Amino acid sequence: MTDDLGNRELNKYSRNYDFLQFQVAGPDPILKTKILPALGLNFLEDKEFTYFLYAEVDKQDTWLNYERYDSYSTRRSYPSFNLLGIDIPERQYNRYTLQANFRFRPHQNLKFVLSFKKWIRKTTMFGWAYRYSAATAPVQLRDESSISLEVTQNVSKDMNYEAIFSVRDLNVTQKPGDPEHPGRGLDPDDFYLISEIEDYQDFNNNGVYDPPEPIINLFPDTAGYGSGFSGPAYTFGEFDTLYNLQGGSYIIGNYRFNDNGVQDFLEGEPFIDLNGNGVWDQGDYLNDRNGNGRLDYDRRRIIDQRTPEPYIDGDVILGEPFIDVNSNGVYEPGLDVFVIDVDDNINMDKNRNGQYDGPDMSPLNFSKEIAFEDRNGNGVYDMPNQHYDPGEPFTDVNGNGKYDYGGSSTFLDPGQIGTEAEWSRSYVRTYRGEIKLTRQFGRHDLRAGFALTRDDVQLEEIQRPYLPYTGRADSAAYPDRGAFRDFYDYAPLNGTVYARDKLEYGSMIAMLGLRWDFFLQDVNRLEDLLKWDDRGGTILGDRQKLSPRIGFSYPISDKAKVYFNYGHFFQLPAFVRMYARNTSAVNQSDVLGYPNLDYVKTIQYSFGVRYKMSDYYTVDIQGYFKDEFDKIAQQQVREGIANQIRINQYRNADYGRSRGIELTLEKRGGGTVNGQVSYTYAFAYGKASQTNDFFMEDFLLSREPLTEAALDHDIRHSLKAGIQFYLSTTVKPRLFGLPIPNGWSLSIESIIESGAPYTPDKNYPDIDQTGAEDIERNSLRLPSTAVFDFTFRKEFQVVSIDWSFVLWVENLFDARNVTNVYPGTGRADTDQVRNQVVYGGTEFSNSPTRLDYGRQIRLGLEMSL
């Protein structure tokens, strides 16, 4: 399947997408009938042995691809690899999947399934700041594999069991992109430390380093090179404070050779006049870190350079006219002729100030009669205003044809890496075993099970590897690197025991269940690490929860039934939120983990009525309630001896509640058209709960409103529809009496939703903020969204082979749905607001990441043997 349609207009939305899928399955044709009999082994002769092989390749540049937004001069190249003599190019997103299942049935009531799965995903992560520096964007490699054995046996006609044992490995590596080798990543020791980086002061603003013109050293005291100096010391002036390396003291260096009353930077030395201007050019000031007297390209600064593109500010004054006697283009008093007269026809003194004003005149003395170069074509002289205005010439550094404002809120220069540069490696090996037992007797259908999981979790993370590490030694990789370092290695256990009984009494069905979840961790090891990090506290070794589940279904007529479901659900927090450390300093702004995090608890219940309108149509009306307790949030707490350390930490601190009603109309099982339409009205509210020991202190300092507010996922109205048309190859359909093709299907899906909430800030036009309290959280709404997708499939046969042609279109009407806005403007394309007036945004503020994907058209061909 591909989205390359061979037409520039149709490829407008192309993601450079290619998808290949392969699968083969059936009875074993080799092992059972060839290999084992050749070895004299026939134990599989009367046994069932089948296989299933599946492979998938997904390569694309995603809908947020750099090539759509970069310039030709900054475009990166992706590497490729050779597969059986075929050159396979990489893309921004590359996913490879391999799966193999082998089923062995030695007896009719006993089955073994051995499975192997492998997933590899290589991604260049999209960041809007990297628009013109895609080669340095972070790269991520995710390598996941698993092997499992499943055993199923029917002990009797009323009883069976299933046992599953598996091992799963997950490796994730993320690195800053290597500008010299796009597609690869940089390790921490590939960076020069910030103290080793060489840069210069670009005195003439030409964007390149200009070395000083070479000196012919006749007077030795003017060529003093020493530690920490950039070339000859005379570039610092006539007097300079120097460090005497032999005497170990500071002395005054004297670079004066005359008493002309002027502070000169060079006096008396001959030099090589490279540009022939007759004077010595000192060049740019160089921070020469290794003392070799030149700028080393490999030591240049590659961290967060966002250079304003040079431009000419304002219109250019050409000056008053004059008669150029020697034709050198420069007015020379006493030689050239400058006429001052009352007759405007011959007068050259246009501003009547009695003197010649040339191109270097002050703009304040400008008169409209003086000639100027009108850069923006508005017919009026525009004075320099220290701000770029459209029409002013500029140096297009990134080649995008547009002026890009400099500063922190703009794109990185080509070859640059953001300050957030992060290197990380994580590894998780999961051992899991589960046994399920099913027993049926009478009206009872009993199911019970037990599962135990061990996770070997390892994390290595270094943030800002170009900075030296100044914290306590942690005996981990690259010990001298990183402003923030996080390393941990744990092996917690978690498991569950569950039981469920399905009871049938007449036409009523009841489901009763109970689940026990537990979690175990190494207390002693965690306590030692907290002490090492100067953090105190008691570690909980285990957590356990009981959760009941209840469900009822009861018919109230031959066409309608009512149902009710109630249950408690517990979810263990992600390990990174429990074990995240910051080994550089515990009082930094990073959010630290909390080993005592508890399960997140959800209580959910629903009730509804399902009515069968006919043999094909049913309608379902359902109401649901969901309460979430102990949700994970960031909190500021105190730790350490005498609680003297204040840190940001993950805690079970939030609460949320959701309510909703859903109406669904469904058609199934009749004719060529099936599908369903559902409408949901719902709301989700929540607020943080203060649970630490310093509640009153936090309360007094907080300016957050105390009332509940809409949660980020609070979508009030949602309309979803899915309709399928299918005409098999066995029917001969007609439309208006005319025959139409058969063997095709068409699926249409749509989602229309009201906008999600967001919180405006104080700059938002007409915002009402009273007193010292913050603006009400999530008080405004994003625009509503609508997406329509359809898939068309046509079946046909060629030379006894079944084929299918597939046309897949996502976001058919190319709706540009807004997913995020700037809190000061309420718009996705600009963050510029002054005095509550919204202005057009810069290129940087108009980020595509604030919109959902555009139209995507894909064509595919499927073959079945």
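Predicted, not measured: the structure shown is a model, and the values here were computed from it.
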Minimum heavy-atom separation for [X] and [Y], please, with both atom names.
{"X": "Thr62", "Y": "Tyr93", "value": "CG2-CB, 3.6 Å"}
{"X": "Leu335", "Y": "Val325", "value": "O-CG2, 3.1 Å"}
{"X": "Gln832", "Y": "Gly840", "value": "CG-O, 3.5 Å"}

Atom [atom1] in [X], atom [atom2] in [Y]: separation rounded to 0.5 Å?
{"X": "Glu198", "Y": "Asn287", "atom1": "CD", "atom2": "CG", "result": "8.0 Å"}
{"X": "Glu320", "Y": "Ile340", "atom1": "CD", "atom2": "CD1", "result": "8.5 Å"}
{"X": "Thr124", "Y": "Gln140", "atom1": "OG1", "atom2": "CD", "result": "10.5 Å"}

- Message: Pairing donors with acceptors under 3.5 angstrom, does anything connect the side chains of Asn16 and Asn65?
- Response: no

Row check, [Y] ring normal vs [X] NZ/CZ: under 6.0 Å, within 45°:
{"X": "Arg850", "Y": "Tyr822", "value": "yes"}
{"X": "Arg15", "Y": "Tyr853", "value": "yes"}
{"X": "Arg300", "Y": "Tyr297", "value": "yes"}

Tell me whether [X] contacts the main-chain N or O of [Y] through its side chain, where contact means a donor paired with an acceptor under 3.5 Å.
{"X": "Asp61", "Y": "Arg91", "value": "no"}
{"X": "Thr74", "Y": "Pro414", "value": "no"}
{"X": "Arg464", "Y": "Thr419", "value": "yes"}

- Query: Would you call Asp189 and Arg481 a salt bridge, taking side-chain N to carboxylate O under 4.0 Å as the test?
  - Reply: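 No, Asp189 and Arg481 are not salt-bridged.
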
- Message: Salt bridge or not between Asp3 and Arg855? Use side-chain N to carboxylate O under 4.0 Å.
- Response: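 Salt bridge: no.
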
If you define the side chain from C-beta out and look only at heavy atoms, does anything of [X] sit under 4.5 Å from [Y]?
{"X": "Asp852", "Y": "Asn811", "answer": "no"}
{"X": "Val818", "Y": "Leu851", "answer": "yes"}
{"X": "Glu373", "Y": "Asp315", "answer": "no"}

- Ring centre gap for Phe411 and Phe844 strictly below 6.0 Å: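 Phe411 vs Phe844: aromatic centres under 6.0 Å.
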
- Parallel, tilted or perpendicular, as decided by the 30° and 60° cut-offs, for the rings of Phe191 and Tyr466: tilted

